[in-house]
Number of protein chains: 2
Amino acid sequence: MNMNTQKIRLLREKLRILERESMGALDQEGACCGLTLSQCHTVMEIGLKGDMSLVDLANSLGLDASTLSRTIQGLVLIGLVVRKANEKDRRYVTLSLSEQGRKVYEEIDGVYNAFLAGVFERLPAAKHERILEDIGLFVDAVRAVNEATGCCRPGRKS
Amino acid sequence: MNMNTQKIRLLREKLRILERESMGALDQEGACCGLTLSQCHTVMEIGLKGDMSLVDLANSLGLDASTLSRTIQGLVLIGLVVRKANEKDRRYVTLSLSEQGRKVYEEIDGVYNAFLAGVFERLPAAKHERILEDIGLFVDAVRAVNEATGCCRPGRKS
DNA sequence: CAAAATAATTGTAATATACAATTATTACAT
DNA sequence: ATGTAATAATTGTATATTACAATTATTTTG
């Protein structure tokens with residue numbers, strides 16, 4: 001193990017930038033065409049993972065069910081999400097994107113993809129594969145550590 | 001440019017995991033010994049960047065000055081931050097960590113470093129350098145794209 | 001079939017946030 | 001030099017996001 005503290009500190013600075021100054025910016029900004037960030041995350045999660053019950057979606061997003069229930073209420077009101085009772089087990093609701101909801105999902109999806117395509121245009125083509133691979137390795141390891149240490153959620157958010 | 005949409009989608013999934021399931025977890029959890037996440041971010045930012053005025057810190061954190069003013073008030077109350085008037089220009093206050101604030105900063109700093117050291121223990125030593133380099137390249141490119149497209153902030157947060 | 005478990009919602013409270021208005025101070029233009 | 005504009009900080013106000021607790025409806029289980 002020769003990962004010294006200096007290198008880890010540099011990495012932390014990079015991750016901090018990624019989180020706060022950069023990817024965050026995309027969230028705040030254009031990507032979320034008229035939706036709040038919570039609504040946006042919710043729509044994207046349903047679009048990505050497919051139809052789900054409220055508890056499952058809440059787990060997937062790391063939110064309390066009550067919090068998500070209200071977010072969903074808003075999305076149903078503006079016509080992006082459809083909430084229908086599950087006939088097999090009437091305790092559950094099944095959440096899905098409306099036609100309009102899917103359009104929004106695809107639009108935001110497109111913005112993100114275009115953003116990342118732009119990022120890779122700034123990187124030498126010869127390194128694309130390697131960068132993708134290394135980010136993948138890193139994220140998998142981060143996740144593994146988190147799972148090993150038994151993290152977490154929920155608990156009040158900022 | 002041969003970054004196809006499929007690969008970008010995979011990368012987005014990795015970044016999503018990094019943001020929501022993993023690094024976020026560290027924020028929520030142990031790292032922030034009794035502080036709220038806002039307070040924690042504030043302390044870490046002062047610790048990292050050094051003493052600053054309120055506006056500068058607000059910019060650095062991407063927050064409105066009024067929001068930060070209240071966060072600082074809380075941190076002053078619990079004795080982690082010192083707020084003193086700048087004698088050169090009395091409009092400014094100079095924010096710094098108290099002795100106890102610095103201890104908290106160092107403790108959290110240590111938790112983060114230990115976490116990342118743990119992550120790298122799960123990665124083959126031969127790849128450490130490469131992974132560090134590639135994450136650095138990627139983050140720099142993300143930042144460059146963001147700066148080129150004139151992002152952003154503030155605007156309501158989630 | 002009664003009791004326990006589970007899903008969803010609603011009641012309530014706390015926190016984080018931004019925008020607007022205000023106050024204090026400094027810089028600047030005439 | 002003095003009045004006006006700009007800037008930093010704070011306070012007033014409103015909204016959003018969140019979690020926990022209580023409640024209701026439904027299903028599972030002993």
Side-chain angles (χ1 to χ4, degrees), chain A residues 20 24-25 27-29 32 34-43 45-46 51-78 81-96 152-158, chain B residues 20 24-25 27-29 32 34-43 45-46 51-78 81-96 152-158:
Chain A
R20 188 163 305 159
D27 279 342
Q28 309 286 332
E29 199 71 12
C32 278
L35 300 184
T36 68
L37 197 48
S38 302
Q39 291 175 325
C40 181
H41 283 157
T42 304
V43 166
E45 196 76 10
I46 299 174
D51 300 1
M52 270 195 273
S53 73
L54 194 131
V55 269
D56 289 344
L57 185 57
N59 275 326
S60 193
L61 288 166
L63 295 171
D64 188 86
S66 64
T67 300
L68 184 63
S69 180
R70 288 179 239 258
T71 302
I72 290 293
Q73 209 158 6
L75 288 169
V76 170
L77 268 177
I78 61 178
V81 167
V82 175
R83 176 174 44 185
K84 71 182 219 297
N86 178 330
E87 286 306 322
K88 298 275 177 65
D89 184 335
R90 300 175 55 76
R91 289 173 300 182
Y92 291 83
V93 294
T94 300
L95 303 170
S96 52
C152 10
R153 294 203 276 183
R156 299 231 176 242
K157 300 296 171 56
S158 73
Chain B
R20 188 164 306 160
D27 279 342
Q28 310 285 330
E29 198 71 13
C32 278
L35 300 184
T36 68
L37 197 47
S38 302
Q39 291 175 325
C40 181
H41 283 157
T42 304
V43 167
E45 197 77 9
I46 300 174
D51 300 1
M52 270 195 273
S53 74
L54 194 131
V55 269
D56 289 344
L57 185 57
N59 275 327
S60 193
L61 289 166
L63 295 171
D64 188 87
S66 64
T67 301
L68 183 63
S69 180
R70 287 179 239 260
T71 302
I72 290 292
Q73 210 158 6
L75 288 169
V76 170
L77 268 176
I78 61 178
V81 167
V82 175
R83 177 174 43 184
K84 72 181 216 299
N86 178 329
E87 287 305 321
K88 297 274 178 65
D89 183 337
R90 301 174 56 77
R91 288 173 300 181
Y92 291 83
V93 295
T94 299
L95 303 170
S96 52
C152 346
R153 296 194 279 179
R156 298 228 178 246
K157 301 296 170 55
S158 71

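Letters A, B, ... mirror the listed sequences (proteins, then strands); counts begin at 1. As a basis for the values below, the full set of heavy atoms in this structure was taken, side chains included, without hydrogen atoms, waters or symmetry mates.
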Side-chain N,O (B:S66) to OP1/OP2 (C:dT17) below 4.0 Å:
no

Phosphate OP1/OP2 of D:dT17: any A:T67 side-chain N/O under 4.0 Å
no

Short N/O separations, protein against nucleotides 27-30 of chain D, under 3.5 angstrom:
from, atom 1, to, atom 2, distance (Å)
D:dT27, OP1, A:R90, N, 2.9
D:dT27, O4', A:R91, NE, 3.4

Can you pull every protein N or O that's under 3.5 Å from an N or O on nucleotides 1-5 of chain D?
none

Determine: side-chain N/O of B:S69 to OP1/OP2 of D:dT10, distance under 4.0 Å, yes or no.
yes

The salt bridge (charged side-chain N to carboxylate O under 4.0 Å, His left out) partners of A:R83 (sequence neighbours excluded) come to none

Which of C:dT15, C:dA8, D:dT7 is nearest the side chain of A:S53? It is C:dA8

Of all the choices, C:dA18, D:dT17, C:dT12, which nucleotide is nearest to the side chain of A:R70 once you look at every atom?
C:dT12

Side-chain atoms of B:R83 come closest, of D:dT10, C:dT10, C:dA8, to D:dT10

Please confirm whether the backbone N or O of A:S38 pairs with a side-chain atom of A:T42, one donor and one acceptor, at under 3.5 Å?
yes

Polar side-chain atom of A:S69 near backbone of A:A65 as donor-acceptor pair, under 3.5 Å
no

Please tell me if B:Q73 has a side-chain N or O lying less than 4.0 Å from either OP1 or OP2 of D:dT11.
yes

Below the 4.0 Å mark, does D:dT18 have OP1 or OP2 next to a side-chain nitrogen or oxygen of A:S38?
yes

Check every atom of C:dT9, D:dT10, C:dT12 against the side chain of A:A65 and return the nucleotide holding the closest atom.
C:dT9

